[in-house]
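As a basis for the values below, the full set of heavy atoms in this structure was taken, side chains included, without hydrogen atoms, waters or symmetry mates. Please read these numbers as outputs of a predicted model, since none were measured by experiment.
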Amino acid sequence: MKPRILVTGGTGYIGSHTVVELQNAGYPVVIIDNLSNSNVEVLDGIERITGIRPDFVEADCTDISALKSLFDKYPGIKGIINFAASKAVGESMQKPVLYYRNNLNTLMNLLDIMAEREVKGIVFSSSCTVYGEPDVNPVTEQSPIKKATSPYGNTKQISEEIITDVINAGAPFKSVILRYFNPVGAHPSAEIGELPNGVPQNLIPFLTQTAIGIRKELSVFGNDYNTPDGSCIRDYIDVVDLAKAHVIAVERMLDDKSPEKIEIFNLGTGNGLSVLELINTFETATGVKVPHKIVGRRAGDIEKVWANPMHANEVLGWKAETPIADTMRSAWAWQCKLRERGIM
Ligand code: UD1
């Protein structure tokens, strides 16, 4: 029997896909989530895919007593994957204290309880946002960290520093920090996917909502960047590929496969795609048109960033495998499923 894994934020977008992969790999999972940006029905989706309903505690990770009761109720947790965080860049500019409190208090509570309850390792969700606007692409893990341009981005940088300081101070556990590029798509079963609150700020949910007619047209933020077609370039990574990397990272810590106490990996495909290229790929893959128009640049956007994923490829033996056309089809199937269920 494999040890139990605690997944914070496990009913969220990346969290739910990771719970599926953990359960498929034989790990018992307990989720803690305050449902601030997700829905309890996600558990049904996970159960339909895997045949197993993960244990679930509705609580906030900033509440240390709730965390303690969870550990009392579920002894034997050996690994934590921490997805519980606020993640909207724009909102973080309006409500910085909320972001610092949620994201940093959650992390510090988890680090405290890990030492107390003999948890062997924590996987932390970081972001390519730490590289800011890179001088050189693709970025490696050694690329310079740039000053954060939002409280959200700053919480990711500070969190990486907190983990490093705590482990260097001799904490009795390990950490794997994963820097995600742009996670997109949904589980191919269309049982789980991304469910944004309100008007989506990210490209793919806005695009699929436009394709299905909820939004009139997609605004392409700028076509005057220094890129081949003038629109911004990102590294779009399939959410299931991303989820699988977490299982490998957990295994690596629990089985002491590395002598390092802290490791950092970029999780991307290694391919940069522009906004216009992505719209095109979606239209070709699904046969569905996306009405769109070019508008001005969005404040704070990065012009281009994509990953050098060699470190993860070689050390973790992990590679993003899903062709982007398949990812676009899964994103579309999920949007259609939401419509079928009358959700949107
Ligand atoms: C942003 C954050 C990133 C964070 C991620 C999670 C920045 C610089 N990056 O990523 O740190 O982890 O959100 O939410 O803030 N676009 C359009 N029209 C739209 C929406 C987006 O053209 O309606 C374009 C954007 O200009 C961008 C690309 O699509 O070029 C991707 O945007 P988005 O999905 O918001 O992700 P990032 O900005 O890359």
Side-chain angles (χ1 to χ4, degrees), residues 2-23 25-34 38 46 54-87 102-127 155-156 158-160 162-167 171-180 242-258 260-265 267 316:
K2 292 192 175 172
R4 193 184 294 279
I5 307 298
L6 172 63
V7 181
T8 78
T11 50
Y13 173 44
I14 307 173
S16 57
H17 290 81
T18 299
V19 171
V20 164
E21 297 307 320
L22 283 167
Q23 293 193 158
Y27 287 97
V29 172
V30 54
I31 293 173
I32 179 169
D33 203 304
N34 64 5
S38 61
I46 294 173
D55 288 314
F56 173 66
V57 173
E58 183 179 344
D60 196 310
C61 294
T62 60
D63 177 357
I64 187 77
S65 60
L67 275 176
K68 286 186 176 174
S69 342
L70 184 152
F71 273 82
D72 291 340
K73 186 168 176 198
Y74 299 98
I77 291 171
K78 288 290 164 216
I80 297 178
I81 307 183
N82 180 27
F83 296 106
S86 303
K87 63 167 188 180
N102 277 355
N103 296 4
L104 301 182
N105 286 358
T106 290
L107 176 65
M108 290 186 287
N109 280 347
L110 293 172
L111 295 173
D112 271 344
I113 211 157
M114 285 177 76
E116 204 180 293
R117 305 291 176 121
E118 296 178 359
V119 180
K120 292 185 77 172
I122 180 164
V123 180
F124 180 73
S125 304
S126 190
S127 163
T155 66
K156 293 298 173 193
I158 296 171
S159 295
E160 290 197 4
I162 292 175
I163 293 170
T164 308
D165 287 347
V166 167
I167 287 188
F173 50 77
K174 293 186 167 186
S175 181
V176 174
I177 292 172
L178 301 176
R179 292 180 179 156
Y180 310 151
L242 189 75
K244 287 178 178 164
H246 293 74
V247 180
I248 298 172
V250 158
E251 240 145 36
R252 191 168 171 81
M253 294 186 306
L254 298 193
D255 299 348
D256 279 319
K257 285 186 187 154
S258 163
E260 305 295 332
K261 292 197 76 180
I262 176 159
E263 293 182 292
I264 300 181
F265 297 97
L267 295 183
L316 297 180

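Rounded to the nearest 0.5 Å, atoms CZ (Phe83) and SG (Cys61) are 12.0 Å apart. Note that NZ of Lys2 is 9.5 Å distant from CG of Leu22, once rounded to the nearest 0.5 Å. Summarising the geometry, atom CD1 belonging to Ile32 is positioned 8.0 Å from atom CG belonging to Asp63; distances are rounded to the nearest 0.5 Å. To the nearest 0.5 Å, atom CG of residue Leu67 and atom OG1 of residue Thr106 are 8.0 Å apart. In this structure, Asn102 CG and Asn34 CG are separated by 7.5 Å, a value rounded to the nearest 0.5 Å. For the atom pair Ile167 CD1 and Glu260 CD, the distance stands at 11.0 Å (nearest 0.5 Å).
Here the shortest heavy-atom pairing between Leu254 and Lys120 reads O-NZ, 2.9 Å. The shortest non-hydrogen separation linking Lys156 to Ala85 is NZ-CB, 4.1 Å. Here the closest non-hydrogen pair linking Val29 and Val7 is CG1-CG2, 3.8 Å. Across Pro172 and Lys261, no two heavy atoms sit closer than the pair CA-NZ, 4.4 Å. Between Ala249 and Val176, the closest heavy-atom pair is CB-CG1, 3.9 Å. The two atoms that bring Thr8 and Ile80 nearest to each other are CG2-CG2, 4.2 Å, heavy atoms only.
Residues in residues 56-81 take part in no ring-ring contact (aromatic ring centres under 6.0 Å, His included) pair, two or more places apart or across chains.
For the pair Arg179 and Glu160, the minimum side-chain heavy-atom distance is below 4.5 Å. A heavy-atom distance below 4.5 Å is not found between the side chains of Asn82 and Ser125. Within the 4.5 Å cutoff, the side chain of Asp55 has heavy atoms near those of the Arg4 side chain. With contacts defined as side-chain heavy-atom distances shorter than 4.5 Å, the pair His17/Leu242 does not qualify. Glu251 places a side-chain heavy atom less than 4.5 Å from the side chain of Tyr27. Between Leu70 and Ile77 there is a side-chain heavy-atom pair separated by less than 4.5 Å.
A donor-acceptor pair under 3.5 Å is formed between the side chain of Asn109 and the backbone N or O of Thr62. Between the side chain of Lys174 and the backbone N or O of Ser258 there is at least one donor-acceptor pair closer than 3.5 Å. One N or O on the side chain of Asp33 and one on the backbone of Thr11 form a donor-acceptor pair closer than 3.5 Å.
By the neighbour-count criterion of 12 heavy atoms within 6.0 Å, atom NZ of Lys68 is sparsely surrounded, having that number or fewer from other residues, nucleotides or ligands.
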side-chain contact (heavy atoms from CB on, under 4.5 Å) assessment of Lys257 paired with Leu316: CA-CA 10 Å; Lys257 285 186 187 154; Leu316 297 180; over 6 Å; no
